[in-house]
Trainee: 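Okay, handing you the structure first.
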Protein chains: 2
Amino acid sequence: MDDVFKALADPVRRQLLDSLHQRNGQTLGELCEGHDMSRQAVTKHLAILEDANLVATRKDGREKLHFLNPLPIFEIADRWVRKFEHGRLRALDELKKNLEGKSDGKR
Amino acid sequence: MDDVFKALADPVRRQLLDSLHQRNGQTLGELCEGHDMSRQAVTKHLAILEDANLVATRKDGREKLHFLNPLPIFEIADRWVRKFEHGRLRALDELKKNLEGKSDGKR
DNA sequence: CTAATATGCAACCATTTGGTTGCCTGTCAA
DNA sequence: TTGACAGGCAACCAAATGGTTGCATATTAG
């Protein structure tokens with residue numbers, strides 16, 4: 001799971017995921033377009049996404065096709081974010097109170 | 001939003017958020033317990049969480065109290081993750097097909 | 001066959017990150 | 001008032017990160 005968080009931490013990589021979400025199965029060359037960096041830099045980002053299982057690839061002739069796997073994202077949303085959901089609606093009020101509160105008995 | 005992703009990328013910081021979720025309003029000293037690193041290292045992590053608006057603090061005498069702000073997490077879950085939700089249930093099948101598919105017309 | 005295209009591999013580099021240590025400041029208790 | 005306690009600040013360091021370049025390999029088009 002740490003791999004996924006790390007992979008998502010970089011804006012270039014999130015952009016690559018967005019690009020694949022918009023059109024799945026793009027080649028490396030296609031994914032490079034619009035990024036102001038070398039092909040190798042993009043390759044490295046894609047490798048990190050692949051290690052995190054967010055992208056899967058298939059060789060097709062001399063091209064490499066990239067496919068989005070959104071499942072790890074969903075798993076984090078479901079399992080990790082859910083933990084913090086309980087007081088969701090009151091969260092802001094609660095925070096505000098705590099910050100101004102004169103030791104309201106929490107400790 | 002990038003700040004939040006970056007802040008969440010480190011396991012120590014996620015652990016700190018967990019700790020605050022379990023018991024809100026902890027002091028720096030309390031948050032250091034159980035982490036095998038110096039107080040200053042923890043301070044730095046907390047500063048990153050604070051910059052990302054995931055933690056808010058209040059000085060109380062010589063102690064500094066830390067409070068969890070889960071809202072940025074929810075915002076990412078809602079706004080960013082939601083983008084990828086559309087084919088959610090079929091996602092795995094689709095991926096499998098794409099990887100084995102002999103150019104199924106996608107390109 | 002040959003040349004162009006698409007990608008892979010490895011060495012290298014600057015900056016960021018995550019940690020340390022030493023010392024300073026502010027607050028509470030005896 | 002004088003320690004002891006909680007935290008802040010700054011310099012420093014090693015390793016990870018994100019990027020580059022140069023060259024090699026494999027596939028396809030002519």
Side-chain angles (χ1 to χ4, degrees), chain A residues 1-20 23-52 54-67 98-99 102-103 106-107, chain B residues 1-20 23-52 54-67 98-99 102-103 106-107:
Chain A
M1 195 187 67
D2 193 40
D3 284 347
V4 180
F5 272 109
K6 285 247 170 64
L8 295 179
D10 189 287
V12 175
R13 291 195 284 269
R14 291 198 302 277
Q15 212 173 318
L16 287 168
L17 293 180
D18 285 352
S19 181
L20 284 179
R23 190 162 63 84
N24 213 7
Q26 291 184 66
T27 68
L28 172 59
E30 288 168 337
L31 286 168
C32 283
E33 290 167 21
H35 289 278
D36 195 20
M37 65 181 68
S38 69
R39 176 175 53 84
Q40 280 74 2
V42 176
T43 299
K44 283 192 189 179
H45 283 299
L46 286 169
I48 290 170
L49 291 170
E50 211 174 337
D51 283 349
L54 286 161
V55 162
T57 63
R58 168 164 63 96
K59 279 291 284 291
D60 182 30
R62 65 182 161 183
E63 295 182 330
K64 187 178 187 181
L65 307 183
H66 297 75
F67 300 93
N98 278 328
L99 290 180
K102 335 224 174 303
S103 292
K106 290 257 166 181
R107 298 186 56 243
Chain B
M1 194 187 69
D2 194 41
D3 284 347
V4 180
F5 273 109
K6 283 247 170 64
L8 296 179
D10 190 287
V12 174
R13 292 194 284 270
R14 291 198 302 276
Q15 212 173 319
L16 287 168
L17 293 180
D18 285 352
S19 181
L20 284 179
R23 190 162 61 85
N24 213 8
Q26 292 183 65
T27 67
L28 173 58
E30 288 168 336
L31 286 169
C32 284
E33 291 167 19
H35 289 279
D36 194 21
M37 65 180 70
S38 69
R39 175 175 54 82
Q40 280 75 3
V42 175
T43 299
K44 284 192 187 179
H45 283 298
L46 286 169
I48 290 171
L49 290 171
E50 211 173 338
D51 284 346
L54 286 160
V55 162
T57 62
R58 169 164 63 96
K59 280 291 286 292
D60 183 30
R62 65 180 160 182
E63 296 182 331
K64 187 177 189 183
L65 307 183
H66 297 75
F67 299 94
N98 278 329
L99 290 180
K102 333 221 174 305
S103 291
K106 288 255 168 184
R107 295 186 59 243

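Protein chains get the first letters and strands the later ones, always in sequence-line order, with residue 1 at the start of each.
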Trainee: Rounding to an integer number of Å, can you tell me how far B/Glu63 CD sits from D/dG8 P?
Mentor: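 One finds 11 Å between P of D/dG8 and CD of B/Glu63, rounded.
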
Trainee: Keeping A/Glu63 on the side-chain end and A/Asp60 on the backbone end, is there a donor-acceptor pair under 3.5 Å?
Mentor: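 No: the side chain of A/Glu63 does not pair with the backbone of A/Asp60.
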
Trainee: Heavy-atom nearest nucleotide on DNA chain D for A/Asp36 versus B/Leu28: which residue maps closer to 5'?
Mentor: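 It is B/Leu28 whose nearest nucleotide is closer to the 5' end.
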
Trainee: Counting distance only, does the side-chain N/O of A/Arg58 pair as donor-acceptor with the main-chain N or O of A/Leu65 below 3.5 Å?
Mentor: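 Answer holds: no.
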
Trainee: Roughly how many Å is it from CD1 in A/Ile48 to P in D/dA16, rounded to a whole number?
Mentor: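 Rounded to whole Å, this separation is 13 Å.
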
Trainee: Drop me the distance from A/Leu16's CG to A/Leu54's CG, to the nearest 0.5 angstrom.
Mentor: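 It comes to 11.0 Å.
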
Trainee: If you measure from NE2 on A/His66 to NZ on A/Lys64, what distance do you get to the nearest 0.5 Å?
Mentor: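 A/His66 atom NE2 to A/Lys64 atom NZ measures 5.0 Å (nearest 0.5 Å).
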
Trainee: Rounded to whole angstroms, how far apart are CG on A/Leu65 and C1' on D/dT27?
Mentor: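 Taking CG of A/Leu65 and C1' of D/dT27, I get 14 Å after rounding.
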
Trainee: Table please: side-chain donor-acceptor pairs of residues 37-51 of chain B below 3.5 Å, with sequence neighbours left out.
Mentor:
unit_1	atom_1	unit_2	atom_2	d
B/Ser38	OG	B/Ala41	N	3.2
B/Thr43	OG1	B/Arg39	O	3.0
B/His45	ND1	B/Arg13	NH1	3.1
B/Glu50	OE2	B/Thr57	OG1	3.0

Trainee: Could you work out, with side chain to side chain contact (heavy atoms under 4.5 Å, CB included) as the rule, every residue matching A/Asp18, not counting sequence neighbours?
Mentor: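 Side chain to side chain contact (heavy atoms under 4.5 Å, CB included) check on A/Asp18 returns B/Trp80, B/Lys83, B/Phe84.
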
Trainee: Tell me: CE of B/Met37 to C1' of C/dT17, nearest whole Å?
Mentor: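 After rounding, the reported distance stands at 13 Å.
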
Trainee: Any residue in residues 1-13 of chain B with a heavy atom nearer than 4.0 angstrom to DNA chain C? Just list them by number, or reply none.
Mentor: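 Only B/Asp10, B/Arg13 qualify.
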
Trainee: Taking side-chain hydrogen bond (donor to acceptor under 3.5 Å, both in side chains) as the test, write out the residues that go with A/Lys6, two or more places apart.
Mentor: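 Listed in chain order: A/Asp2.
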
Trainee: Measure the distance from NE2 on B/His45 to P on D/dG7 and round it to the nearest whole Å.
Mentor: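 So the two atoms are 17 Å apart, to the nearest Å.
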
Trainee: Choose from D/dA11, D/dG19, D/dG18 the nucleotide whose nearest atom is closest to any side-chain atom of B/Lys44.
Mentor: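 Closest of the options to the side chain of B/Lys44: D/dA11.
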
Trainee: What residues form a side chain to side chain contact (heavy atoms under 4.5 Å, CB included) with A/Ala9, not counting sequence neighbours?
Mentor: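 A/Ala9 satisfies side chain to side chain contact (heavy atoms under 4.5 Å, CB included) with B/Ala9 once adjacent residues are dropped.
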
Trainee: Using a 4.0 Å heavy-atom cut-off, write out nucleotides 23-30 of chain C from 5' to 3' as B (base contacted by protein), S (sugar-phosphate only) or - (no contact).
Mentor: ---BBS--

Trainee: Using only side-chain N and O atoms of A/Ser38, determine if any of them is under 4.0 Å from OP1 or OP2 of D/dT20.
Mentor: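 For A/Ser38, the contact criterion (side-chain N or O under 4.0 Å from OP1 or OP2 of D/dT20) is met.
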
Trainee: Can you tell me how far the CG atom of B/Leu8 sits from the CZ atom of A/Phe5, to the nearest 0.5 Å?
Mentor: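 So the gap between those two atoms works out to 5.5 Å.
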
